[in-house]
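First the structure, in the form of structure tokens, and then the observations on it.
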Amino acid sequence: MSTTAASTPSDPRDTPAEVRVRFCPSPTGTPHVGLVRTALFNWAYARHTGGKMIFRIEDTDAARDSEESYQQLLDAMRWLGIDWDEGVEVGGPHGPYRQSQRGEIYQDVIAKLIEAGHIYESFSTAEEIAERHRAAGRDPQLGYDGYDRTLTDAQKQAFRDEGREPTWRLRMPDEDLTFTDLVRGEITFKAGSTPDYVVVRANGQPLYTLVNPVDDALMEITHVLRGEDLLSSTPRQVALYRALVDIGVAKQEPLFGHLPYVMGEGNKKLSKRDPESNLFLYREQGFLPEGMVNYLALLGWGYSADQDIFSREQLVERFDVADVNPNPARVDIKKATAINADHIRLLPEAELVERLVPYLQAAGLVSDPITEEQHRLLAAATPLVQTRMNLLGEAPDMLGFLFTADADLVVQEDALKKLGEDPVAVLDRAISEVEALGEVSFTTEALEAALRGAIVEDMGIKPRLAFGPLRSAISGRRISPPLFESMELLGRDSSLARLRALRERLAAS
RNA sequence: GCCCCCAUCGUCUAGCGGCCUAGGACACUGGCCUUUCACGCCGGCGACACGGGUUCGAAUCCCGUUGGGGGUACCA
């Protein structure tokens with residue numbers, strides 16, 4: 001519950017009384033892991049400090065934004081259990097929380113910035129800027145040169161008479177700009193390295209560069225935790241923030257913390273195209289939200305020196321931005337999967353049953369809604385697969401044979417190989433042993449005792465080979481959940497039918 | 001070009017001057033357990049990018065080099 005964790009030794013200001021963080025995505029495309037990791041870190045920090053999480057939508061680009069994407073963002077947050085205290089859907093004192101609905105607020109701020117002289121009209125085109133650089137013997141690649149800073153009214157009028165509409169640029173301070181990054185420490189951008197930049201389009205619409213800091217200021221954000229890709233735009237934001245403080249819109253500038261990149265294979269930034277960047281693909285494959293949260297948290301942060309499996313509660317208990325690692329993290333599907341597997345094992349059995357249902361339904365193995373009979377079977381089968389699964393999506397493959405009619409069971413090619421010297425004899429013996437077992441004594445223990453006694457001891461066949469043919473007959477697979485347990489679940493009639501079916505098939509060939 | 005960030009096993013990381021002959025996890029790998037496959041358990045392989053300093057002492061601090069990455073828009 002301590003809020004002092006937020007401050008770093010070099011932080012010159014007092015730690016704000018309450019931590020207020022925000023997650024402010026643009027609703028474009030499908031949520032990707034880097035974005036969600038950012039949401040998670042903001043959330044974890046808010047919860048750790050007892051602060052507030054604000055969820056704002058930056059939909060200022062009508063051409064790219066979509067309602068579908070917005071719905072997916074909500075879906076992603078809810079799936080992972082990342083909740084928010086103020087923002088879209090829940091409201092709050094600083095609404096509205098969609099930038100597309102905040103136009104008047106921005107116009108008001110723009111008017112104040114103009115009045116105070118922080119932004120000025122700029123008529124220069126990109127070509128004119130480059131041309132001036134060339135004429136002066138400078139690199140034409142250099143950015144905006146500040147030419148319009150000192151335009152007289154007459155000059156402006158002349159441009160207007162040509163039919164030109166100006167953009168508005170922020171007057172950058174002509175001095176080194178330093179801030180203390182929560183993750184990286186003190187960072188200084190040299191004076192002159194950041195040109196005056198455009199904050200309002202020629203058509204009067206504000207740009208992200210204006211709107212983002214303005215909303216952070218109005219929503220009283222204290223800690224801006226965002227991706228490293230925004231690090232180099234921080235001097236611009238800080239400069240604007242200072243202007244906002246000057247005109248009374250902002251109380252003070254927030255603290256910044258830039259979270260490391262999330263990379264794909266090799267050294268390339270994870271793009272939205274890469275399948276491993278799509279959050280929902282993980283869900284489809286059967287990642288548990290617990291597993292996903294755990295793995296995501298490991299992208300730039302660690303729970304402790306010798307433990308990397310932890311719960312959401314443990315994350316909240318320990319998370320601190322100051323402990324975030326500055327180097328880029330690569331997503332490793334295998335590690336993510338291994339972590340998910342651990343969470344599957346940690347789940348109470350009854351809970352796992354419920355989590356499994358949608359995956360079996362999607363595969364068409366059980367009905368929707370699931371019948372009582374199916375549910376009973378699944379509940380009995382779940383303990384057999386809990387330590388065998390890495391992803392919930394593996395369940396249909398592992399348990400399918402239990403939910404398939406005997407006549408529809410397909411024995412895979414793979415399961416017909418390496419069945420030993422005389423699989424027909426083994427199956428014959430198994431059939432007679434099973435027949436001898438009554439309905440009531442058709443249990444895992446009785447089955448194992450009878451079959452082991454007959455095939456392993458009597459016939460002298462090694463266990464490895466002894467049960468192979470039975471496994472193939474029962475499950476149709478070379479690899480399956482434990483055999484005797486599976487037979488018990490299937491029942492005597494079904495087990496016999498399957499043993500006989502494979503026996504006939506092998507005898508015929 | 002200019003500006004900024006980053007640099008420990010293949011990967012994610014612990015390490016914040018002596019506890020480091022560098023710890024953990026995933027992956028890989030040898031074995032045990034075992035009705036298959038897993039789980040579990042025991043073991044192995046495997047890293048401080050390089051060069052200078054500072055210091056009694058450096059993976060840890062400083063500088064440089066190299067190598068990655070990002071920014072440099074009337075996108076966000």
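First the proteins, then the strands, lettered A, B, ... as listed; each starts at 1. Just so you know, these numbers use all the heavy atoms, side chains as well, and skip hydrogens, waters and symmetry mates.
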* **Syn or anti for C28(B) (syn when the glycosidic angle lies within 90° of 0)** => anti
From the set [options], return the single nucleotide nearest to any side-chain atom of [X].
{"X": "N325(A)", "options": "C6(B), A14(B), A76(B)", "value": "A14(B)"}
{"X": "S193(A)", "options": "C39(B), C3(B), U13(B)", "value": "C3(B)"}
{"X": "P482(A)", "options": "G40(B), U36(B), U72(B)", "value": "U36(B)"}
{"X": "S232(A)", "options": "C37(B), C74(B), G70(B)", "value": "G70(B)"}
{"X": "E58(A)", "options": "U35(B), A76(B), A14(B)", "value": "A76(B)"}
{"X": "L231(A)", "options": "C6(B), C5(B), G71(B)", "value": "C5(B)"}
{"X": "T60(A)", "options": "U35(B), A76(B), C37(B)", "value": "A76(B)"}
{"X": "D61(A)", "options": "A76(B), A14(B), G1(B)", "value": "A76(B)"}
{"X": "L207(A)", "options": "A14(B), A76(B), G71(B)", "value": "A76(B)"}
{"X": "R169(A)", "options": "C74(B), C5(B), G10(B)", "value": "C74(B)"}

* Does F310(A) have R318(A) sitting over its ring (NZ/CZ under 6.0 Å from centre, angle to axis within 45°)? -> no
G-U wobble or Watson-Crick pairing nucleotide for [N] (cut-off 3.5 Å, both distances):
{"N": "C16(B)", "value": "none"}
{"N": "U65(B)", "value": "A49(B)"}
{"N": "G40(B)", "value": "C32(B)"}
{"N": "C26(B)", "value": "G10(B)"}
{"N": "U72(B)", "value": "G1(B)"}

* To do: Find the distance between CD (E433(A)) and CG (D428(A)) and round it off to the nearest 0.5 Å.
  => 11.5 Å
Using atom [atom1] of [X] as one end and atom [atom2] of [N] as the other, report the distance to the nearest whole Å.
{"X": "R226(A)", "N": "G70(B)", "atom1": "CZ", "atom2": "C1'", "answer": "13 Å"}
{"X": "E228(A)", "N": "C5(B)", "atom1": "CD", "atom2": "C1'", "answer": "5 Å"}
{"X": "F401(A)", "N": "C37(B)", "atom1": "CZ", "atom2": "C1'", "answer": "12 Å"}
{"X": "E186(A)", "N": "C4(B)", "atom1": "CD", "atom2": "C1'", "answer": "14 Å"}
{"X": "E485(A)", "N": "U36(B)", "atom1": "CD", "atom2": "P", "answer": "12 Å"}
{"X": "Q141(A)", "N": "G71(B)", "atom1": "CD", "atom2": "P", "answer": "15 Å"}
{"X": "D332(A)", "N": "C28(B)", "atom1": "CG", "atom2": "P", "answer": "11 Å"}
{"X": "Q307(A)", "N": "G15(B)", "atom1": "CD", "atom2": "P", "answer": "15 Å"}

With rounding to whole Å, what would you report as the distance between [N] and [M] at their [atom1] atoms?
{"N": "C5(B)", "M": "C63(B)", "atom1": "P", "value": "11 Å"}
{"N": "C6(B)", "M": "G64(B)", "atom1": "P", "value": "14 Å"}
{"N": "G53(B)", "M": "U60(B)", "atom1": "P", "value": "15 Å"}
{"N": "A27(B)", "M": "G67(B)", "atom1": "P", "value": "34 Å"}
{"N": "A14(B)", "M": "U8(B)", "atom1": "P", "value": "10 Å"}
{"N": "C56(B)", "M": "U65(B)", "atom1": "C1'", "value": "29 Å"}
{"N": "A47(B)", "M": "G69(B)", "atom1": "P", "value": "25 Å"}
{"N": "G40(B)", "M": "A25(B)", "atom1": "P", "value": "11 Å"}

* Asked: Are W168(A) and Y120(A) near enough that their ring centres are under 6.0 Å apart?
  -> no
Under 4.0 Å, counting only non-hydrogen atoms across every strand here, what does [X] touch: a base, just sugar-phosphate, or nothing?
{"X": "L298(A)", "value": "sugar-phosphate"}
{"X": "R477(A)", "value": "nothing"}
{"X": "Y208(A)", "value": "base"}
{"X": "S475(A)", "value": "nothing"}
{"X": "F484(A)", "value": "base"}

For a quick test of reading the model: is some side-chain N or O of [X] closer than 4.0 Å to OP1 or OP2 of [N]?
{"X": "R201(A)", "N": "C75(B)", "value": "yes"}
{"X": "R464(A)", "N": "C37(B)", "value": "yes"}
{"X": "K335(A)", "N": "A25(B)", "value": "no"}
{"X": "N327(A)", "N": "U8(B)", "value": "yes"}
{"X": "R452(A)", "N": "U35(B)", "value": "yes"}
{"X": "R478(A)", "N": "U36(B)", "value": "no"}

* If you take atom types as modelled and just measure distance, does the side chain of K334(A) reach the base of A27(B) with a donor-acceptor pair under 3.5 Å? -> no
* To do: Indicate, yes or no, whether a donor-acceptor pair under 3.5 Å links the base of U35(B) to the side chain of R471(A).
  => yes
* To do: State plainly whether the residues R312(A) and E290(A) are in salt-bridge range, i.e. N to O under 4.0 Å.
  => no
Neighbour count >12 (heavy atoms, 6.0 Å) for atom [atom1], [X]:
{"X": "E457(A)", "atom1": "CD", "answer": "yes"}
{"X": "E68(A)", "atom1": "CD", "answer": "no"}
{"X": "D174(A)", "atom1": "CG", "answer": "no"}
{"X": "E413(A)", "atom1": "CD", "answer": "no"}

* Between R236(A) and L142(A), which is nearer to the 5' end of RNA chain B once each is assigned its nearest nucleotide? -> L142(A)
* Heavy-atom distance under 4.5 Å between the side chains of R345(A) and N390(A), does that happen here? -> yes
